[in-house]
Every structure is written in C-alpha cells, then in structure tokens.
There are 2 protein chains.
Amino acid sequence: MSHGIAIGKVSEGSGVKIPTIRYYEQIGLLPAPPRTEGGRRTYDHKDIERLSFIRHSRELGFDIDQIQTLLALQDRPDQSCADADAIAKARLAEVARKIASLTALQAELKRMVEGCSHGRVETCRVIEILADHDKCKHHQQAN
Amino acid sequence: MSHGIAIGKVSEGSGVKIPTIRYYEQIGLLPAPPRTEGGRRTYDHKDIERLSFIRHSRELGFDIDQIQTLLALQDRPDQSCADADAIAKARLAEVARKIASLTALQAELKRMVEGCSHGRVETCRVIEILADHDKCKHHQQAN
DNA sequence: CTTGCTCCTATAGCCACTGGAGGATGTACG
DNA sequence: CGTACATCCTCCAGTGGCTATAGGAGCAAG
C-alpha cells in the first residue's frame, strides 16, 4: 500500500548517491518531495527517472545549468528541440576541443617520458622540459 | 641598483597571475620572498623560473602535490629521476584514459545530435537518449 | 523492547584558484 | 615638496559539484 520510495532506494535505482540527491534538491535541480510524518523524503518513480536523466547528463559532462534547461525541455514535449540540439552540439564541440588539447598533452608527455634517460635528474628530460617551456609547442588547457 | 623584482613583473615574466602567486606562497609551493620596508614582495629570476616550471606543469595537468615532488627533484640534480619518470608516466596513463573516455563520449554525443530530427522535443533523440541510459553503451567519466 | 539500519540537519572540506573591498606604498611629474 | 596614479598589501568570500562528518531521530524485525 505504501507508495513513497525512500531515498536509499531512489539512490540505488538511479545511481545517484544519497547526499547528492539532497544536494540536487537544495540547488533546485530536483523538486522537494513530500515527507513522512517523521520527516523522511518520499519519492516516486518519476523522481528516479529524473535522477537517471541527470546522472546520465552529468556523465556526458553537461553542467547543472544545461541540465536544468534539458529537464525543462523534457517536460514540454510539444516544443521545438532546437535548444536541446544546441546544448548537445555545444557540448560536442567542447569535447572535441578537449580531446584535441589532451592529445597534444599526450604527445608532449610521451616525448618527456621517452626522452628520459632513466639516469640522474641532471640529465632528465622530464624535468628539463618542464623547466623550459620553449622546448615544446604551446598549448592551452589540461584536464 | 635595486635588485628585487616586483610581483607584477614576476607575474608577467612567468605567466602566473598575481593572486595565484600569492596563493602558491600560502600553500608552500613557492618560498616566501623577502619584503621591502613597505612590506612588498621582492623576487629574483629564480622565482620566475620556478613559477614558469609550475605553470607549465599545471598546463600538463599535474596536481600541486606532484609539482611539489617535481620541484624538489629539480633542486637535487644528482638524484635518480625515477620519481619524475613515474609521475610523468602516471599522468600519461591518466591522459590516455581521459582521451578514451572522451572519445566514447564524443561518439554518444554525435549519435544524439545526428539522430535529432530537429522537430519537437517529443521525438528528439537528444532528450530520449538522456532519459534512457539503456539506449547507449555504458561508460565512466566525463570531462 | 531493543538492536541496528536508514534517515535527518547542519556544517565543513575538497581542488586550484579568482575576485573584491578597503587600505598602504612607491614613483613620476609639475 | 605635493599630488596623482599605478601597484601593491591583507583578508575574506565565492566558484562547481559534490563528499564527509557529527550528532541525532525514525522505523522495522526479532
């Protein structure tokens, strides 16, 4: 008879950790659910779906603001999906940039590691390259 | 006559922002420099080199702890560079993992965007895929 | 009724900075 | 010598997206 899923089950079902669920409620990403008399949160299946959506979006690297927009779009199925498309495209471009940046990084790290003579620091290419930026091509970000 | 480079010049010379230099001093990554009578920090060329080293290391994605170790190694040129090598190799592996993860992400985002019918949200593949994780392969991280 | 699990709030910490307020110092010029 | 202005100082708060801890309360099974 009891409808109302406890936060632990919701966490299991969605793959989002309990403190994270509460955090999402706090920042307004997830609506505050009704409570039991004792003050415990009671969710339903829609909430699990919403959290799964959020988790998957986070895994794809969308930030909270973008997820807010995506969730809002999901709730209005008769609207144009141009916004969702734009957000996904922006993220795709971002990912492509990051891959390019990391690939350049990888090349530099490889040169460092392969050039290491495994001797003393004095002749170590790792330290050398770190010390002198001119010994490598310029690049932007890491991560 | 005045030796002692002001923080602004050091910032220019190293490419590290002024507040970041002070932050590095605070966390012990950069030694606290002598001060003028008025209390201003006075640096020398070694400091600029050290900060360039730090900046370059950060660009390569090493964290502060790793940079501490790398800096310590740089100061002792007669030691084995095995530690530096290990740190660089670890970072290289990390970067490779991240590239793989991002490439998987890219594929999923591409499928999303390319599948988008540019119609209404109802039939939007972007939203659909986000909502239903089973419609895509499993993966781990983002960024 | 008691054990033990789940849940609650509130607060602080993580990383590596970044920015602002509000004031002191150093310098170039008239 | 006075003043305008650039540069610097400290302290503190904020960023994003959580994660962890302390100290307690609720709830179901045995």
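Here is the naming used below: chain letters follow the sequence lines, and residue numbers restart at 1 for every chain.
For B/Gln66, the side chain to side chain contact (heavy atoms under 4.5 Å, CB included) test picks out B/Phe62, B/Asp63, B/Ile87, with sequence neighbours left out. Every residue meeting the salt bridge (Lys or Arg N to Asp or Glu O under 4.0 Å) condition with B/Asp75, not counting sequence neighbours, appears here in chain and number order: B/Arg50. By the side-chain hydrogen bond (donor to acceptor under 3.5 Å, both in side chains) test, A/Arg40 pairs with no residue at all, sequence neighbours left out. Partners of A/Glu25 under the side-chain hydrogen bond (donor to acceptor under 3.5 Å, both in side chains) rule, at least two apart in sequence or in another chain, are A/Arg41. Annotation: side-chain hydrogen bond (donor to acceptor under 3.5 Å, both in side chains) contacts of A/Gln68 (sequence neighbours excluded): none. Scored by the salt bridge (Lys or Arg N to Asp or Glu O under 4.0 Å) test, A/Glu94 finds A/Arg91 as partners (sequence neighbours excluded). Considering only residues two or more places apart in sequence or on other chains, A/Asp85 meets the side chain to side chain contact (heavy atoms under 4.5 Å, CB included) condition with A/Lys89, B/Val113, B/Cys116, B/His118. Contacts of B/Arg120 classified as side-chain hydrogen bond (donor to acceptor under 3.5 Å, both in side chains), with partners at least two apart in sequence or in another chain: B/Glu122. With sequence neighbours excluded, the residues that form a side chain to side chain contact (heavy atoms under 4.5 Å, CB included) with B/Ile64 are B/Tyr24, B/Ile27, B/Leu29, B/Arg58.
At D/dT7, none of the side-chain N or O atoms of B/Arg40 fall inside 4.0 Å of OP1 or OP2 (strictly under the cut-off). OP1 and OP2 of D/dC18 both lie 4.0 Å or more from every side-chain N or O belonging to A/Arg55. Under 4.0 angstrom from either OP1 or OP2 of D/dT19 there lies at least one side-chain N or O belonging to A/Thr20.
A nucleotide of DNA chain C counts as in contact with chain A when one of its atoms lies under 4.0 Å from a heavy atom; the first and last such, 5' to 3', are C/dT6 to C/dT9.
Distance, A/Gln66 CD to D/dG16 P: 12 Å, rounded to whole Å. Counting to the nearest Å, the C1' atom of D/dT19 and the CD1 atom of A/Ile18 are 13 Å from each other. The CD1 atom of A/Ile7 sits 15 Å away from the P atom of D/dC27 (whole-angstrom rounding).
With hydrogens and angles disregarded, a donor-acceptor distance shorter than 3.5 Å links the side chain of A/Ser52 to the backbone of A/Ile48. Checked by atom type and distance alone, the side chain of A/Ser14 pairs as donor or acceptor with a backbone atom of A/Val10 at under 3.5 Å.
Residue A/Arg41 is classed as a sugar-phosphate contact, given heavy-atom separations below 4.0 Å to backbone atoms only.
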Identify each atom pair where a protein N or O and an N or O of nucleotides 28-30 of chain D are less than 3.5 Å apart, giving names and distance.
none

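Contacts between residues 23-38 of chain A and DNA chain C, counted as heavy-atom distances below 4.0 Å, involve A/Arg35.
Of the residues near DNA chain C, B/Arg22 and A/Lys9, the one whose nearest nucleotide (by heavy atom distance) lies more toward the 5' end is A/Lys9.
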